[in-house]
2 protein chains.
Amino acid sequence: MAPADAARTRLAPLVEEDSLSLGERAYRRLRDSIVQGALPPGRKISERSLATALGISAQPVREALRRLEQDGMVVTLPRRGTVVAEVGAAQLAELGRIRAALEGVAAALAAERIAAPDLAALGAILARMKAGTEARDTDALDAANEEFHALIHRATGNQFLIRSVGSLRAYDHLGRHRAVGSTPRDLPKALREHQGIVAALRRRDPALAEARMRQHILRSLVTNGVLPAPPQMRNGR
Amino acid sequence: MAPADAARTRLAPLVEEDSLSLGERAYRRLRDSIVQGALPPGRKISERSLATALGISAQPVREALRRLEQDGMVVTLPRRGTVVAEVGAAQLAELGRIRAALEGVAAALAAERIAAPDLAALGAILARMKAGTEARDTDALDAANEEFHALIHRATGNQFLIRSVGSLRAYDHLGRHRAVGSTPRDLPKALREHQGIVAALRRRDPALAEARMRQHILRSLVTNGVLPAPPQMRNGR
DNA sequence: CATGGACATCTGCCATAGCAGTTGGCAGCG
DNA sequence: CGCTGCCAACTGCTATGGCAGATGTCCATG
């Protein structure tokens, strides 16, 4: 990515951050501001004030607020105002369980129609995960983890699934931000789980991939403090 | 909220159809037009032409198209146009499986926090279902079925879940519209499944409620022709 | 002092106008 | 005949302005 080798690599593979629509940028920016705590729950949001603050018009802001409302991050009382939705610990747990189920079906669908190059890419990500686990490099592990799940979601080719899980993953970031210092050192367990998921995908076993993926998400939620004790463990399934 | 009968009827249970925002009305109208086949897949949609056709401005139409895009019903190429998304049989099957998983977690959540009056209401709906099954009244059964699932969704209190499942149920209507005359006469089976779900809810058994609900949705999708053969049956779980 | 009503001011909501890309077609050149 | 470049007509996108409804405040009234 250094500017030096821009001459060699003919293609610019990166997303053009600034060529997106204002509404899209406002949406992402507001989403990040909410999940990072900059906009605390209960905070009143005005279309006009936010528009002037962002230096844009009120329409893109309104569009972004609409999408956030459909994501459940804000609620708007007609003619009265828009406020950041309250997401308590209980609701965060619910959303986590929903995400576990959705990622489960994503794994099942991926097991049915994932292509060989994607499987190879998953193998490469697994290698990076192994190295990152041994080196205790949490940043690299987070990045690899992001790519891992995003690749599986894209492998399903289902837009609805991708959008829904994307919104839910934003909530996951929020939960992680609250219980900071969460991932202590059970990283090897996560690595083994990821390996098991890829193995199920290679076997083209939808049921196994779904079970393992769901269990993986649920366990990670438990270690992050989003979910309490193991709800129901050791059912062989 | 009418000032006259506000003294008599404390609660206004009906939705005020015409007091909704134009964007909301355009959204529902377009959604219905798509799932009923009036707007076939691949049909180009122009914000302006649609606005003039509906007699409103372009903004509410744009807002409705955005929400439909988030639902996956339309796709819009920036600066090029918006078209009704193609939903093939395979994708319809995927969405059905996603809905089965979501309704499963909805049942699990409902089993944990459903209130007594809602349980009683479910019992009443079951009675109506039994009568409708014996009378072969498919219209009444459809209405009761709608209330049944909507009540469970509302019992979870999770807005994200309600919105997501609502969008997916719209696709279900589309699938039913394609394979018309689908529900032949295995209505008693659906009745028994509904009864089993309510029994699990009464026992406050989340895992059982989830399994039964998911199986119920999957079977109904099979009888509607959305899903092919039984994917994986008789795993005791 | 308590109460009710008018007004300024907020909000979300909508209409109009115009911008910047994209596309299809048609004239003009090779 | 085939290709190239321009131009008109789209498209989605954004800015501006103004609408009705809801809220809070202040003054007049009991």
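Quick note on labels: first sequence line is chain A, next is B, and so on, each numbered from 1. Just so it is clear, the model here is predicted, and its values are computed rather than measured. Scope of the values below: all heavy atoms of this structure, side chains included, with no hydrogens, waters or symmetry mates.
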B:I152 vs B:L122 side-chain heavy atoms within contact, under 4.5 Å: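 When only atoms from C-beta onward are counted, B:L122 and B:I152 do touch, with a gap below 4.5 Å.
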B:R67 side chain reached by A:E69 side chain, heavy atoms, under 4.5 Å: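 A:E69 vs B:R67: side chains apart.
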Degree of bending, the helix from C:dC1-D:dG30 to C:dG30-D:dC1 (end axes from five pairs; round to 10°):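 Overall, the helix from C:dC1-D:dG30 to C:dG30-D:dC1 bends by 10° from one end axis to the other.
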As an exercise, state the distance from CD1 of A:I197 to CZ of A:R214, rounded to the nearest 0.5 Å.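 If we round to the nearest 0.5 Å, A:I197:CD1 and A:R214:CZ are 13.5 Å apart.
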Once you round to the nearest 0.5 Å, how far does OG of A:S33 lie from CZ of A:R28?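 The distance works out to 14.0 Å.
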Under 4.0 Å between a side-chain nitrogen and a carboxylate oxygen: does that hold for B:R169 and B:E103?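 Salt bridge between B:R169 and B:E103, a charged N being under 4.0 Å from a carboxylate O: yes.
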One thing to verify: whether A:E94 and B:R113 come together as a salt bridge, which I'm taking to mean a side-chain N less than 4.0 angstrom from a carboxylate O.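 A salt bridge links B:R113 with A:E94.
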Footprint string (nucleotides 12-19 of chain C, 5' to 3'): B base within contact, S backbone only, - free, heavy atoms under 4.0 Å: BBBBB-B-
Which label fits A:H194 and A:H149: parallel for a plane angle under 30°, tilted from 30 to 60°, or perpendicular past 60°?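 Rings of A:H194 and A:H149: perpendicular, over 60°.
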